[in-house]
Amino acid sequence: MLLLAAHSSVLGTLRNGCDRETRFSVQWARENSSDRFSPVREGIVLNGFVNRFSEKIQFKRTIRQPRLQMLHSFNKVSRDLQYSMASDEPKPKRIKLEEKKLSQNALFGMGNPLLDICAVVDKDFLDKYGLKPNDQILAEEKHKEMFEEIVKKFKVEYHAGGATQNSVKVAQWMIQEPHKVATFFGCIGKDKFGKILKEKAEEAHVDAHYYEQSEEPTGTCAACITGDNRSLVANLAAANCYKKEKHLDLEENWKLVEKAEVYYIAGFFLTVSLESILKVAKHASENNKIFCLNLSAPFICEFFKEALMKVMPYVDILFGNETEAAAFAQERGFETEDIEEIAKKAQSLPKENKKRQRIVVFTQGKEGTVMTKGDKVETFPVLEINQSEIVDTTGAGDAFVGGFLSQLVQDKTFEQCIRAGHYSANVIIRHAGCTFPEKPDFH
């Protein structure tokens with residue numbers, strides 16, 4: 001009690017007699033203390049000022065008696081405080097902020113798995129199958145033989161592909177460890193391409209649980225490279241055959257869904273299994289988890305708008321690019337071409353889980369990324385890159401989402417998620433296909 005009384009006395013004198021700099025310093029220490037500002041902590045701060053304060057008093061040729069008494073009192077409190085801190089009196093606790101520890105299967109993705117088959121081909125091969133040097137098409141009957149021929153005739157590289165699988169693969173790459181943070185569901189065939197796809201998913205450390213069936217072959221995407229051009233031919237095949245009751249509803253698979261905290265599905269899967277998407281989306285909403293959807297392509301907004309709008313009330317984060325945003329606005333009758341206005345209107349669409357306000361993220365290539373946040377819309381510039389360094393922009397959108405998800409599942413800020421998305425996209429466009437170096441260099 002005597003210590004506290006002396007402490008109060010000195011503080012009162014200091015407030016009246018010391019210089020402004022010292023008073024401000026004491027006030028700053030009060031306001032910036034992580035604990036309640038105890039007498040011991042305040043004394044420590046004052047103790048740091050004693051020498052300077054003493055010198056200022058002694059410097060004056062005419063020292064008034066009250067200031068001498070104050071100096072004696074101050075020195076006594078300082079000694080008492082030093083004794084107190086040397087005793088067994090509990091010291092203020094320091095709070096250490098720790099990074100969130102990720103668990104396996106925290107991120108869940110479901111979509112169309114494709115085995116990417118990349119090869120440098122010649123013009124004769126393109127002409128044989130009626131392919132343009134730089135194009136993206138769905139395989140027709142005349143293309144079915146080309147997937148076997150490209151493997152036999154050229155040196156190929158295989159990669160686990162498909163929009164959603166690309167994104168969870170990039171997210172896992174950004175996270176690095178633990179492995180299998182990302183889970184993926186989709187349908188493949190019981191064939192050699194399916195076997196390779198499983199191997200490639202394992203190499204990417206993604207916990208892929210495929211529904212395997214025999215009716216259709218594994219989906220493939222041939223990337224026919226000629227010079228700087230890439231002609232993509234996708235044969236969805238088995239990817240179109242996913243069945244909710246034969247895979248998602250199985251107890252062991254649904255347990256993996258329940259383990260997740262963040263869910264991501266590309267809009268392409270709306271054409272395959274709307275009922276599967278709705279089951280996952282409702283689970284996320286009812287348990288206040290994060291459900292993310294990508295518009296994926298203008299044709300999804302145009303021809304599958306009814307399915308899209310059935311899922312929209314459960315969407316916490318909506319992704320898309322500028323062309324997809326424009327198609328979405330047109331189909332919804334937003335009557336605006338301004339991407340920020342489209343984002344705000346998409347954000348305000350009806351939502352089931354009122355605990356989370358919807359976030360809308362629209363990329364615009366090199367023009368920057370638009371994101372709604374609360375009542376504001378912000379634009380974030382992308383990383384600069386020399387045009388000569390760009391190899392392939394095909395997987396940029398998937399990579400952006402993957403980077404974003406890698407931080408989202410770690411409870412990082414949305415600004416940090418955007419930064420990671422820009423970084424991932426910047427890396428991927430320097431490589432052919434959705435491929436990347438062994439480790440990221442993101443801080």
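Values below: all heavy atoms of this structure, side chains included; hydrogens, waters and symmetry mates excluded.
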Decide yes or no on side chain to side chain contact (heavy atoms under 4.5 Å, CB included) for L270 and K310, but give the supporting numbers first. CA-CA 10 Å; L270 288 166; K310 284 182 179 178; over 6 Å; no

Derivation and outcome, side-chain hydrogen bond (donor to acceptor under 3.5 Å, both in side chains), residues Y129 and E149: CA-CA 11 Å; Y129 291 101; E149 184 175 345; 2.4 Å; yes

Test log, rule side chain to side chain contact (heavy atoms under 4.5 Å, CB included), inputs I188 and Y211: CA-CA 6 Å; I188 63 174; Y211 166 48; over 6 Å; no

Determine, step by step, whether V233 and F147 satisfy the side chain to side chain contact (heavy atoms under 4.5 Å, CB included) criterion, reporting the C-alpha distance in whole Å, the side-chain angles of both residues, the deciding distance to 0.1 Å, and the verdict. CA-CA 9 Å; V233 186; F147 295 94; 4.2 Å; yes

M110/V280 under side chain to side chain contact (heavy atoms under 4.5 Å, CB included): CA gap, chis, key distance, verdict: CA-CA 9 Å; M110 183 166 59; V280 171; 3.8 Å; yes

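The nearest pair of heavy atoms linking A237 to C241 is O-SG, 3.9 Å. Of all heavy-atom pairs between K305 and C301, the closest is CB-O, 3.1 Å. A pairwise comparison of heavy atoms in L408 and I317 identifies CD2-CD1, 3.6 Å as the closest pair. Taking all atoms of both residues into account, the shortest heavy-atom contact from A171 to L405 is CB-CB, 4.3 Å. Between Q357 and D375, the shortest heavy-atom contact is NE2-OD1, 4.3 Å. R356 and N288 get closest at one heavy-atom pair: NH2-O, 2.7 Å.
In this structure, K180 places its NZ atom where only 12 or fewer heavy-atom neighbours from other residues, nucleotides or ligands lie under 6.0 Å away. In D127, the CG atom is crowded: over 12 heavy atoms of neighbouring residues, nucleotides or ligands sit closer than 6.0 Å. Open room surrounds NZ on K195; 12 or fewer heavy atoms of other groups in view lie less than 6.0 Å from it. Residue-environment remark: NZ (K246) stays at or below the threshold of 12 foreign heavy atoms within 6.0 Å. Within a 6.0 Å radius of CD in E302, other residues, nucleotides and ligands contribute more than 12 heavy atoms. At most 12 heavy atoms of other shown residues, nucleotides or ligands fall within 6.0 angstrom of atom CD in E306. Annotation: F414, atom CZ; neighbour count of heavy atoms from other residues, nucleotides and ligands within 6.0 Å does not exceed 12. Within 6.0 Å of atom CD in E245, more than 12 heavy atoms from other residues, nucleotides or ligands are found, so the atom counts as buried in its surroundings.
When atom types are taken as modelled, the side chain of Q172 and the backbone of V181 share a donor-acceptor pair closer than 3.5 angstrom. Listed for the E251 side chain is no donor-acceptor partner under 3.5 Å among the backbone atoms of W254. Using a distance-only test at 3.5 Å, with no hydrogens or angles considered, a donor-acceptor pair links the side chain of N294 to the main chain of S296. For Q407 (side chain) and F404 (main-chain N/O), no donor-acceptor pair under 3.5 Å exists by modelled atom type. Judged purely by atom type and a 3.5 angstrom limit, N240 has no side-chain atom pairing as donor or acceptor with the backbone of L236. Counting only distance, with no hydrogens or angles, the side chain of E341 and the backbone of E337 share no donor-acceptor pair below 3.5 Å. For R430 (side chain) and N426 (main-chain N/O), a donor-acceptor pair under 3.5 Å exists by modelled atom type. E140 places no side-chain N or O within 3.5 Å of a backbone atom of K142 that could act as its donor or acceptor partner. Between the side chain of T363 and the backbone N or O of G365 there is no donor-acceptor pair closer than 3.5 Å. The backbone N or O of S348 lies less than 3.5 Å from no partner atom in the side chain of R358, so there is not a single donor-acceptor pair.
Two residues are said to be in side-chain contact when any heavy atoms from C-beta on lie closer than 4.5 Å; F319 and C292 meet this criterion. Side-chain atoms of C187 and Q213, non-hydrogen and from C-beta on, do get closer than 4.5 Å to each other. At a threshold of 4.5 Å between non-hydrogen side-chain atoms, the residues T379 and F362 do not count as touching. The side-chain heavy atoms of S406 and V170, taken from C-beta on, include no pair separated by under 4.5 Å. With contacts defined as side-chain heavy-atom distances shorter than 4.5 Å, the pair L131/H143 qualifies. In this structure, the side chains of Q165 and V206 stay at 4.5 Å or more apart for every pair of heavy atoms. By the 4.5 Å heavy-atom criterion applied to side chains, F303 and T271 are not counted as neighbours. Two residues are said to be in side-chain contact when any heavy atoms from C-beta on lie closer than 4.5 Å; V361 and V370 fail this criterion.
Under 4.0 Å is where a charged nitrogen must lie from a carboxylate oxygen, and between D316 and K351 at least one such pair does. Under 4.0 Å is where a charged nitrogen must lie from a carboxylate oxygen, and between K144 and E141 at least one such pair does. Salt-bridge formation is not detected for the pair K152/E145: no Lys NZ or Arg NE/NH1/NH2 atom is positioned less than 4.0 Å from an Asp or Glu carboxylate oxygen. Between E258 and K255 there is no salt bridge, since no side-chain nitrogen of the basic residue lies less than 4.0 Å from a carboxylate oxygen of the acidic one. Taking 4.0 Å as the cut-off between side-chain N and carboxylate O, K190 and E212 do not count as a salt-bridged pair.
For the pair K439 and W173, the cation-pi criterion (under 6.0 Å, within 45° of the ring axis) is not fulfilled.
The distance between the ring centers of F108 and F184 does not fall below 6.0 angstrom. For F269 and Y242, the ring centers are positioned less than 6.0 Å apart.
Residues D441 and Y423 have side chains that never bring a donor and an acceptor to within less than 3.5 angstrom of each other. With hydrogens and angles left out, the side-chain atoms of T323 and N321 include a donor and acceptor closer than 3.5 Å. For the residue pair K169/H159, the side-chain donor-acceptor check at 3.5 Å is not satisfied. There is a side-chain donor-acceptor pair under 3.5 Å between N105 and T183. For the 3.5 Å distance criterion, the side chains of D249 and H247 fail to qualify, holding no donor opposite an acceptor. For the residue pair D191 and T218, a side-chain donor N or O sits within less than 3.5 Å of a side-chain acceptor on the partner.
With rounding to the nearest 0.5 Å, the separation of CD in E322 from CD1 in I342 is 10.5 Å. The distance from the OG1 atom of T372 to the CD atom of Q347 is 4.0 Å, given to the nearest 0.5 Å.
Checked against R419 for a side-chain hydrogen bond (donor to acceptor under 3.5 Å, both in side chains), the options H422, Q416, E415 give a single hit: Q416.
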